[in-house]
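Here is the structure we will look at.
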Amino acid sequence: MKKLINYIICLLISASVWAQESPKEEDFYRIVTPPVPEGVLLEVGGLCTLPNGSLGISTRRGDVYIMENPTSRQPYFRKFASGLHEVLGLEYRDGSLYCAQRGELTKLTDTNGDGKADLYETMHAWPVSGHYHEYSFGPKFAPDGSFFVSGNVAFGDEEWWRGESRVPTRGTIFKVFPDGHREEWAAGVRSPAGLGMIDNELFYTDNQGDWVGSGGLWHVKKGAFMHHPASLKWVNENSPVKMTEEKFFAQRDNRKVRNEAGAYIKPENVSEETPQMVYELKEKYASVQPPAVWLPHGILGISNSELIKDQTQGSFGPFTGQIFIGDQGQSKIMRVFLEKINGEYQGAAWDFRSGFQSGVMRLDWAKDGSLFVGETNRGWGSAGDANQGLQRLVWNGKMPFEMLTVKAKPDGFEIQFTQPVDKKSAEDLASYSASSFIYKHHPVYGSPPVLREDLPVKGVKVSPDGKTVRIVIDNLREYFIHELNLEGIRAAGTFYSLVHPTVYYTLNNIPEGEKLSMSELKTSSSGKAKPASASAKTKELVSPDVKGKSATAKAQVAPDFDEIKPLLQKYTCTACHAEGKKVVGPAFRDIAKRKYSNQKIVDLIYNPQPQNWPDYATPMAPMPHVPKDAALKIASYINGLN
């Protein structure tokens, strides 16, 4: 009897553990909003922690503030400089602040010690055409003492693609030296909002658009060419970039693409249906630089911004040495693990923390190891609906159950966890799913995920300490994004699921080495299907039949947001829409108020009508890649909001 009672108690304890809700992002990382004086509009374009711990803040409105005691409850703000033009970066060196304005790199110095800059020096001025989209980002210090700056392309109709380089430096990354001269460094960027030095090497983030199928993180070598051809019009024999317009377009259609006047024209055989990829250009020209890590559009951001390496030595959690990347459009931060295979960077990317009050534009470390987050959304839109903000992300010291690293192997991937996994769940093949996909390289704005394939997981091997799992996967593809879902994995003891169960690994190179033998692997599967995140539920309802009698029928109940969210993310709907508020496009609730039929919503997904929403500046792109059944589920969810 005693044994039976003990057994029942164990079952009850086990059931209660399984019933516990798994912790979320906010259970480990707290967003703190410091007080900002009334009348101070930050619209942060740059952040810089000074040697004494104060925080330098530059704004899109042309001001520079110093925030003293920035991690205290009562920080003090003072205006350091003003009258500048859209300052989208800030750095400190030897007593001066350096910022990239729209058309110049400026040095700001307080020479008389009154706390305000009284000396504004132009380090270098570059040409601008006056187009609103010609943002300049930076600077970042290079190891040789120079400054890296990046230049946005213009937006318009001068070229048959949308992004234009109307003046030199637009669509490039360049260096400005202390003596004031400028040197080209790399070309082919589109909207390079984030520059960052990682172990003395330059990286940048770009935003989805024409010729850039999705945002991502690029390693920037001298002479490199990324995706966008606009800046190639300025390439000459003195440039380190050896890609030319002729080479670029010849690779695409193998024929002359200039008209009689000498202007480049749209080749007849380049269209939205042309399935060409960046790696095809790379295979022909070594200077082409694909992303080290793709950040799938609408899932890991829509307007990728600042990148920063965790150098806190554990003050910010278990991710020392990894990269954090902000996103302006989705008001969140992602996490990236990099490794080098065959001399090239590649790696894994996860969601990390969402819920910021405005679009995340800039990041910098506080002296206490917390992360300053500078925000803005005026004219750009963001999931966080405040126009501007300065917040701080603080780790509470508790260990989240996460994938710590994902490393490529000759036959799959090795995943290390922050905590030991439950061995039974980790050895069950039903806990895993995998697929791979890529984006088109074409002049159309953005790209759907293409060439997607489901990948069979053949077996797994769990380390004795439970903190590492090798998964063996068939049909790995170089240059493709490999999506791994570990929704069935549980933490040992607590049986919590992963805070972020999905990772996206960009496999630019498959490493050489020994493959695991089948005898080393666990290959059994419970066969238990994971709950379909967007599956419709049914309920009994009573409705009159044609004869006026009541009849019981099964009816579909619209999925709620939690159920439909994975589908919305997969097809990038969340890149522009939220349930209850305007982002880039209208809120789903506002769409529901139009009372379209489900079929009408599906039709509008495939063939949007921007004239229906005249108050929204950015037109929706057609989404023909969304399968009909998925589009109908999305339509059902939207109409269910009524």
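Numbering of residues begins at 1 and proceeds along the displayed sequence. In what follows, every heavy atom counts, from backbone to side chain, and hydrogens, waters and symmetry copies are set aside.
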key: Verdict with supporting geometry, R166 and H131, side-chain contact (heavy atoms from CB on, under 4.5 Å)   = CA-CA 9 Å; R166 298 183 177 183; H131 190 278; 3.5 Å; yes
inquiry  = When you compare the side chain of D199 with that of K309, does any pair of heavy atoms fall below 4.5 Å?
reply    =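 Yes, close enough: below the 4.5 Å cut-off.
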ask   = Are the side chains of N304 and N207 in touch, meaning some heavy atoms are under 4.5 Å apart?
value =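 In short, these two side chains touch, coming nearer than 4.5 Å.
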Do the charged groups of [X] and [Y] touch, with an N to O distance under 4.0 Å?
X: E43; Y: R61; result: yes
X: D144; Y: K175; result: yes
X: K407; Y: E339; result: no
X: D210; Y: R190; result: yes
X: R78; Y: E68; result: yes
X: K221; Y: E344; result: yes
X: K107; Y: E91; result: no
X: D110; Y: K116; result: no
X: E184; Y: R182; result: yes

key: S370 and R392: side chain donor to acceptor below 3.5 Å   =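 Yes - a donor-acceptor pair under 3.5 Å links their side chains.
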query = If you draw the axis of the six-membered ring of F372, does the NZ or CZ of R362 fall within 45° of it and under 6.0 Å from the ring centre?
reply =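 Cation-pi check for R362 and F372: fails.
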query = Could R60 and W380 be counted as a cation-pi pair, given that NZ or CZ must be under 6.0 Å from the ring centre and within 45° of the axis?
reply =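 Verdict for W380: a cation-pi partner in R60.
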task = State whether the side chain of S136 and the backbone N or O of A100 hold a donor-acceptor pair below 3.5 Å, judged by distance alone.
result =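 Such a contact is absent between S136 side chain and A100 backbone.
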inquiry  = Looking at L295, is its backbone amide N or carbonyl O close enough to the side chain of S214 to form a donor-acceptor pair, meaning the two atoms are under 3.5 Å apart?
reply    =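 Here the side-chain-to-backbone pair exists.
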query = Is the OH atom of Y120 crowded by more than 12 outside heavy atoms at less than 6.0 Å?
reply =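 More than 12 heavy atoms, drawn from other residues, nucleotides or ligands, come within 6.0 Å of this atom.
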ask   = Given the side-chain rings of Y345 and F203, with only the six-membered ring counted for Trp, is the space between their centroids under 6.0 Å?
value =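 Centroid separation for Y345 and F203: below 6.0 Å.
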inquiry  = Please list all pairs meeting ring pair (Phe, Tyr, Trp, His ring centres under 6.0 Å) that have one or both residues in residues 50-73, counting only residues at least two apart or in different chains.
reply    =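 Pairs touching residues 50-73 that pass the test: none.
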